[in-house]
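Chain letters run A, B, ... following the sequence lines, proteins first and then strands; every chain starts at 1. Just so it is clear, the structure is predicted and the values come from calculations on it, not from any experiment.
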Number of protein chains: 2
Amino acid sequence: MVKKQNTKADIVDVARAAKVSASTVSRSFNHPNLVNPATRKKIDRAVKKLGYIRNRAAQAMHGKRSGTIGLIVPTIDHAIFAEVVQSFSEVLEATGFTILMASHGFDLDREYQVLRKLLEHRVDGVALIGLNHTEDTFQLLEQQEIPAVAIWNYSDQSRISCVGADNHLAGQLAAQHLLALGHQDIGLIFPATDGNDRALGRMNGAVETLAAAGISVPDEWRFEAPYDIGRAKKVCLEMFQHPHRPKALLCGNDVIAQGAIFAAQSEGLNVPQDMSIIGVGDFKGSAEIEPALSTIRIPAKNIGRISGELIVDLVASGSTTPERILCDVKQIIRNSTTFS
Amino acid sequence: MVKKQNTKADIVDVARAAKVSASTVSRSFNHPNLVNPATRKKIDRAVKKLGYIRNRAAQAMHGKRSGTIGLIVPTIDHAIFAEVVQSFSEVLEATGFTILMASHGFDLDREYQVLRKLLEHRVDGVALIGLNHTEDTFQLLEQQEIPAVAIWNYSDQSRISCVGADNHLAGQLAAQHLLALGHQDIGLIFPATDGNDRALGRMNGAVETLAAAGISVPDEWRFEAPYDIGRAKKVCLEMFQHPHRPKALLCGNDVIAQGAIFAAQSEGLNVPQDMSIIGVGDFKGSAEIEPALSTIRIPAKNIGRISGELIVDLVASGSTTPERILCDVKQIIRNSTTFS
DNA sequence: AATAGTATTGCAAATGTTTTCATAAAAATT
DNA sequence: AATTTTTATGAAAACATTTGCAATACTATT
């Protein structure tokens, strides 16, 4: 007579309440067409009454998919990742997946640990940011034969699937624009490039293009700034004190570029008359800032969406051979660059 | 002789390889002190060799905790949520939890669905944004007796635990600052307030304070703008066309305020001489924009961190009685407001 | 009316782990 | 040397579900 009372309802409680077997209840969820509509109705009523919620953990044990996709980001606290992650997650949620998210704070060893943890949860697939990962990480991915996609970077020799832009090209395009305007005195502001292949690719693209045009950037015009508008502004402020300063600034991303614009404005420099500034990314707000920012557009929303679509494909097909999708970058010339 | 080859290693494979029983392997993970160091070493070797990864799904079935916390946000694609989510997740990850994240796009019915899905995954706790949820959502939370915390809003009568700021007060403080400067011609720009108690609270706080000072905001000076810098700028641009425009703008959040500043600049209006602008939030970049934005600071990082700590506590204690934590808001007066 | 086919259901085995209980071996105590 | 205590391990049950197989009931066909 001791009904279990405190503990939550499970599938056999539902079965009992609906006066059918547990198998039938299970079937009613997973293959509704195999069960009599009348029975189904009884079951639904019992489910409602008991407040039963299915247990995906128990389902996952049957080799069924867990219905989760792991997403590993350096941090979400960057406008640009937030945008990618949002459109990525929209696709997944529309397909019925849930996202297991973890961040590693730009530490690739932590990334490996985090990946392991996600695998313990038996995610059906994993998405990572960038193509720069430790050997351990790649091996784990391969050994577990789990669908994986790298978001944000493209390389035709990537070890795992990737969907992203050619950051090297982005750097080139930025440099080309400055060159085309006639600039020679060009400064560079980039984030630290270790463990960040996005920034590295862009910087290389830029300096190579400049070098090809016979322009070398002196060391005192190369600056490092983190992905943080305040810190970037401060770095630029210092630079502007310097008597001999560049006439144009090529920034590793739009956040840095925004910092640079604010720094210039606070010093009374006119952008673009006194100082041309170009960024990379075309983030939200880059079009609205005054002056509107010239930049190289990297289509974050698209990349997120396509990554999402790709990972569900890979999960569905179980395929683990790399698929590589290149997203276009293009110059977006607005009002923060000129030459006089 | 048919070794299972294709399928992934499980705990009994490890046991076999280490020549011990599955129980011992399990113990070696969960209660290492109960197993002989020598045996443990054998097991570790076997684990490595087979590339074994524990299955949390199977663990979760034993009433053990799943080690996941559900996080439901309207969208991550907002600077402010990104910041909260980041510090929230840092705390959780440090404690060994993984985040199951889902978004509902400001649709409270979808929020309910999303919550159900998270519960199917047997999250150990849930965090939501704001206190405005459907009755269904609250009931589900209560019925499942799952630790829940509402992030971002505070109310001393909240039905679930909450950690956040008093948005009503934030609105008041913004209005008070403008009043203190001597402003009378004040415009309001807020996001849509349905399903968004943060915005509603702020708006009410602001209009009540203004009303108490004998100032009523005419309908043609009340504008609605989404949380989007571009759209906000556009709304302001239209407003500025109007011959009879306000002298000060009270914006529902800093993103809208930034849009307003850019709109003013693009119209050649001087901020703050011609137009004072105040926001709410103190987001990243608000201090750096030129002119630096006056705003009401809502400590996003703190809120995220404290929410994380709270949910961990609640999960550990299994407590489900609401705990309420109020985070301070305060005026941050910078250069975007004045009176002449 | 007999047969074949189909729709619906239940039983039992299987999934990968944890945990209780029992047992054996080793160490400590007398 | 005998006994008690401690340490280390294994066997088996339990967790919540799914699914293959078999059984039953119903429908359609001749």
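In this structure, of dG16(C), dG10(C), dT18(C), it is dG10(C) that holds the atom nearest to the side chain of Ser21(A). Here the nucleotide nearest the side chain of Ala58(A), chosen from dA12(C), dT18(D), dA16(D), is dA16(D). For Arg122(B), counting side-chain heavy atoms from C-beta on, the closest listed nucleotide (dT19(C), dC11(C), dT17(D)) is dT17(D). Looking at the side chain of Asn55(B), the nearest of the listed nucleotides dT19(C), dG16(C), dT9(D) is dG16(C). For Thr39(B), the listed nucleotide lying nearest its side chain is dA8(D); candidates were dA12(D), dC11(C), dA8(D). With distances taken from any side-chain atom of Asn36(B) to the nucleotides dA8(D), dG10(C), dT15(C), the minimum falls on dA8(D). The Asn30(B) side chain lies nearest to dT18(C) when the options are dA16(D), dG10(D), dT18(C).
Residues Thr24(B) and Ser21(B) have side chains that bring a donor and an acceptor to within less than 3.5 angstrom of each other.
Met61(A) has its CE atom 16 Å from the P atom of dA13(C), to the nearest Å. As rounded to whole Å, 11 Å separates atom P of dT17(C) from atom CD1 of Ile53(B). Atom NE2 in His121(A) sits roughly 15 Å away from atom C1' in dT17(C) (whole-Å rounding). One atom, CD of Glu120(B), and another, P of dA16(D), lie 16 Å apart when rounded to the nearest Å. Distance Ile11(A) CD1 to dT19(D) C1': 12 Å, rounded to the nearest Å. If you take CZ of Arg54(A) and C1' of dA16(D), they are 12 Å apart, rounded to a whole angstrom. At whole-Å resolution of the value, CG in Asn33(B) and C1' in dT9(D) are 15 Å apart. Remark: P of dA8(D) and CZ of Arg40(B) are 9 Å apart, rounded to the nearest angstrom.
For His62(B) and dG16(C), a side-chain-to-base donor-acceptor distance below 3.5 Å is present, hydrogens and geometry of angles not being considered. One can find a donor-acceptor pair under 3.5 Å joining the base of dA11(D) and the side-chain atoms of Ser23(B).
Of the side-chain N and O atoms in Thr24(A), one or more sit less than 4.0 angstrom from OP1 or OP2 of dG10(C). At dT17(D), none of the side-chain N or O atoms of Gln59(A) fall inside 4.0 Å of OP1 or OP2 (strictly under the cut-off). Note on His31(B): every side-chain N or O is 4.0 Å or more away from OP1 and OP2 of dT18(C). Between Arg56(A) and dA16(D) there is no side-chain polar atom (N or O) within less than 4.0 angstrom of OP1 or OP2.
Residues Leu34(B) and Gly63(B) both approach DNA chain D. Their nearest nucleotides, taken by heavy-atom distance, put Leu34(B) toward the 5′ side.
Ion pair Glu90(A)/Lys301(A) not flagged as a salt bridge, since none of the NZ, NE, NH1 or NH2 atoms sits closer than 4.0 Å to an Asp/Glu carboxylate oxygen. A salt bridge links Arg16(A) with Asp13(A): at least one charged nitrogen is closer than 4.0 Å to a carboxylate oxygen. Checked for salt-bridge contact, Arg116(B) and Glu120(B) miss the test: no charged N lies under 4.0 Å from a carboxylate O.
At the heavy-atom level, Val20(B) lies under 4.0 Å from the strands shown only through sugar-phosphate atoms. Among the protein residues, Tyr52(B) comes within range of the sugar-phosphate backbone only, with heavy atoms under 4.0 Å from sugar or phosphate atoms but none that close to a base. Counting any heavy atom pair closer than 4.0 Å across all strands shown, Arg27(B) reaches a base atom.
A 4.5 Å side-chain heavy-atom check between Ile80(A) and Tyr227(A) finds at least one atom pair inside the cut-off.
Between Phe106(A) and His104(A), the angle of the ring planes goes over 60°, which puts this pair in the perpendicular group of the 30/60° scheme.
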